[in-house]
Amino acid sequence: MKIFNSYSNQLEEFTSLKENQVNMYVCGPTVYNYIHIGNARPVVFFDTVRRFFEARGYQVTFVSNFTDVDDKIIQKALDENLSELEVSSKYIQAFLIDIEGLNCKTDYLKPKVTEYMDFIIGFIQDLIDKNYAYNVDGDVYFRVSKIDDYGRLSNRNIDDLISGSRIDINPKKESPLDFTLWKQTEVGINFSSPFSQGRPGWHTECVSMIDDIFKGQIDIHGGGMDLQFPHHENEIAQAKALHNHSIAKYWMHNGRLSFKEEKMSKSIGNVVLVKDVEEKLALRFFLLSTHYRSPLNYDEEVFAMYVKEWQKLENAYKTLFYKLDLVKELDLNIEIKDIEIKNEINNFDLAMEDDFNTANAITALQSLLRLINSNLRKKLVFTKLNELLKALNYMVDILGLKVEVTPLTDEDRSVYESWQKARNDKDFSLADDLREKLTRRGML
RNA sequence: GGACCCUUAGCCAAGCGGUAAGGCACGGGACUGCAACUCCCCCACCGCCGGUUCAAAUCCGGCAGGGUCCUCCA
């Protein structure tokens with residue numbers, strides 16, 4: 001399996017640090033609002049990565065944090081006259097509902113900054129003790145100059161960064177490149193520490209959590225391309241300072257999602273919230289339709305195409321499943337022997353192994369759908385149909401596009417028979433009633 | 001000012017030196033009580049100009065258009 005490693009800037013063969021085990025961490029949301037579809041891209045993508053590793057038999061430990069200490073949360077709390085904790089827990093709930101709708105697994109570790117304060121403070125103290133950080137009037141900064149290959153992950157050199165500076169220089173910092181580990185403040189939620197009353201900087205939370213949870217280097221650290229600099233660069237700097245490693249063996253970054261070629265942002269007013277999207281799994285389909293490192297552009301017409309794609313998948317899945325269940329021929333444990341079907345699975349796997357090329361994996365899925373549909377209109381061969389269903393389940397589980405079906409009851413079966421009979425008898429008004437019933441049941 | 005990326009048919013999108021996958025839409029067939037679903041066929045010389053090569057969408061250079069980032073926040 002090949003993964004594009006942002007740290008080395010090239011495609012690398014994947015080998016896990018521990019056999020059959022994948023430890024991965026993905027930067028999670030700052031919980032001060034509902035998430036938009038751009039926020040959903042990394043969530044859906046890395047959920048798919050996880051699913052693929054699991055399908056490959058790896059034991060995956062998946063961690064993604066909630067940033068629940070942050071200026072925006074404080075602002076929101078002030079605006080709505082709530083506590084920061086009330087704000088963050090509201091949006092954590094909302095986040096989990098949203099991603100569940102996108103069929104993302106939610107059984108992962110979800111550390112929160114508020115629950116990690118002691119550890120974060122200890123982590124910062126270690127940096128100070130090792131002389132990688134310094135305290136100026138209660139603010140603690142990281143001394144970037146002590147890290148020799150700072151900029152490696154995001155591919156930039158320090159001189160460019162300094163000369164390219166457009167922001168007023170903070171006179172407290174030794175160097176404009178230094179970043180905040182702890183900020184002294186009594187505004188909003190704050191904590192006591194040996195440095196001052198205040199709160200931690202954003203860049204230090206993920207690395208602290210990884211340190212505590214995994215106790216060492218992890219396999220994969222993921223997040224949006226926009227986090228590469230400075231956030232991930234700064235995380236690496238801290239890990240290098242304390243542990244002399246780059247946190248993760250593989251760094252993965254997904255491309256941004258834009259809206260009609262524009263950045264999706266609240267100031268432009270073009271935000272599409274996940275909770276407002278009706279066809280959630282069509283959204284998942286859409287998000288996986290382009291390779292994860294490429295930019296992805298959303299607009300209603302393009303999305304409508306994927307709604308159609310999703311429905312096509314749904315139709316084929318249901319028809320196949322119910323055709324088999326109708327005659328009690330479902331066999332979910334069948335072994336796939338058919339060459340043609342094996343071939344599609346192989347194409348699917350090759351695509352996923354190629355740096356998670358979901359676009360090509362979807363092509364294999366579509367090809368399988370064509371095979372399914374054409375077999376459904378031929379004389380039914382149950383072994384073949386069961387093999388097709390098994391293959392479909394395999395792909396759809398990995399992509400997280402699972403279609404909901406419920407096993408039929410004998411009553412369902414008799415309604416179906418009556419429908420067939422009515423059609424044969426040319427009793428079309430009865431047939432239409434029954435068809436309506438079957439459609440509502442999801443069988444047609 | 002600096003760093004970097006993208007440009008493939010009406011639309012979405014693979015491709016990474018060997019002669020353009022797939023999907024949607026369109027058009028033509030088929031299936032069908034009506035409808036939906038579905039099936040088959042058809043549909044591009046890859047932004048422009050030059051270069052390298054036996055061979056380029058794929059490599060190099062220039063031009064045009066679009067986008068991202070640059071020690072503030074995520």
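From a predicted model like this one, the values you see are computed outputs, not experimental measurements. A note on names: the letters A, B, ... follow the listed sequences, proteins ahead of strands, and every chain is numbered from 1. FYI, side chains are in, hydrogens and waters are out, and symmetry mates aren't considered; it's all heavy atoms of this structure.
- Counted by atom type alone, Tyr394(A) and Asp349(A) present one or more donor-acceptor pairs between their side chains at under 3.5 Å.
- One donor-acceptor pair, N or O on each side, does fall under 3.5 Å between the base of U38(B) and the side chain of Arg377(A).
- Contact annotation for His231(A): no contact, since no heavy-atom pair falls under 4.0 Å across all strands.
- Using the six-membered ring where Trp is involved, His253(A) and Trp251(A) have ring planes that are parallel, under 30° apart on the 30 and 60° scheme.
- Considering only side-chain atoms of Phe229(A), the nucleotide from A74(B), A14(B), C70(B) that sits closest is C70(B).
- Within 3.5 Å, no donor on the side chain of Asn347(A) pairs with an acceptor on the base of G22(B), nor the reverse.
- Between C11(B) and C5(B), the two P atoms lie 26 Å apart (nearest whole Å).
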When you look at Tyr141(A) and Phe179(A), which way does the ring-ring contact (aromatic ring centres under 6.0 Å, His included) test go after all the steps?
CA-CA 5 Å; Tyr141(A) 300 102; Phe179(A) 55 89; 9.2 Å; no
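- A ring-centre distance under 6.0 Å is found for Phe286(A) and Tyr298(A).
- Distances shown here put every side-chain N or O of Thr319(A) at or beyond 4.0 Å from the OP1 or OP2 atom of C37(B).
- Between C31(B) and C41(B), the distance separating the two C1' atoms is 15 Å to the nearest Å.
- Judged purely by atom type and a 3.5 angstrom limit, Thr358(A) has no side-chain atom pairing as donor or acceptor with the backbone of Ala361(A).
- Mapping Leu227(A) and Pro295(A) onto RNA chain B by nearest heavy atom places Pro295(A) closer to the 5' end of the strand.
- Evaluation of atom-type donor-acceptor distances gives a pair under 3.5 Å for the side chain of Arg435(A) against the base of C34(B).
- Nucleotides G22(B) and C63(B) are separated by 37 Å at their P atoms, to the nearest Å.
- As rounded to the nearest Å, C69(B) and A74(B) have P atoms that lie 16 Å from one another.
- One C1' atom belongs to G29(B), the other to A20(B), and the distance between them is 26 Å to the nearest Å.
- In this structure, of G33(B), C24(B), A21(B), it is A21(B) that holds the atom nearest to the side chain of Thr363(A).
- With hydrogens and angles left out, the side-chain atoms of Gln197(A) and Asn190(A) include a donor and acceptor closer than 3.5 Å.
- The pairing partner recorded for C24(B) is G10(B), the criterion being a Watson-Crick or G-U wobble arrangement whose two distances lie under 3.5 angstrom.
- Across G22(B), C73(B), A14(B), the shortest atom-to-atom separation from the side chain of Arg370(A) is found for G22(B).
- As rounded to the nearest Å, G28(B) and C42(B) have P atoms that lie 16 Å from one another.
- The same atom, P, is picked in G18(B) and in G1(B); the two are 39 Å apart, to the nearest Å.
- For the OP1/OP2 pair of G15(B) and a distance below 4.0 Å, the side-chain nitrogens and oxygens of Asn357(A) include at least one atom meeting the criterion.
- Nearest nucleotide to the Pro230(A) side chain, out of A21(B), A74(B), C12(B): A74(B).
- Contact annotation: Lys378(A) does not reach the phosphate of U38(B) (side-chain N/O to OP1 or OP2, under 4.0 Å).
- Of the nucleotides present, G29(B) is the one that pairs with C39(B) by Watson-Crick or G-U wobble criteria, both distances under 3.5 Å.
- Contact check, Lys173(A) against C72(B): a side-chain N or O comes under 4.0 Å of OP1 or OP2.
- When Watson-Crick and G-U wobble pairs are counted only if both distances are under 3.5 Å, C59(B) pairs with G51(B).
- Under 4.0 angstrom from either OP1 or OP2 of C39(B) there lies at least one side-chain N or O belonging to Asn373(A).
- The side chain of Ser374(A) lies closest to C39(B) when the candidates are C39(B), A21(B), C24(B).
- Residues Met305(A) and Gly28(A) each lie close to RNA chain B; by heavy-atom proximity, the contact nearer the 5' end of the strand is made by Met305(A).
- When the P atom is compared between G66(B) and U8(B), the two are found 14 Å apart, to the nearest whole Å.
- Distance from the side chain of Thr30(A) is smallest for A74(B) among the nucleotides A74(B), C24(B), G33(B).
- Using N1 to N3 plus N6-O4 or O6-N4 for Watson-Crick, or N1-O2 and O6-N3 for G-U wobble, each under 3.5 Å, C4(B) pairs with G67(B).
- Remark: Lys146(A) qualifies as a cation-pi partner of Tyr132(A) under the 6.0 Å distance and 45° angle criteria applied to the six-membered ring.
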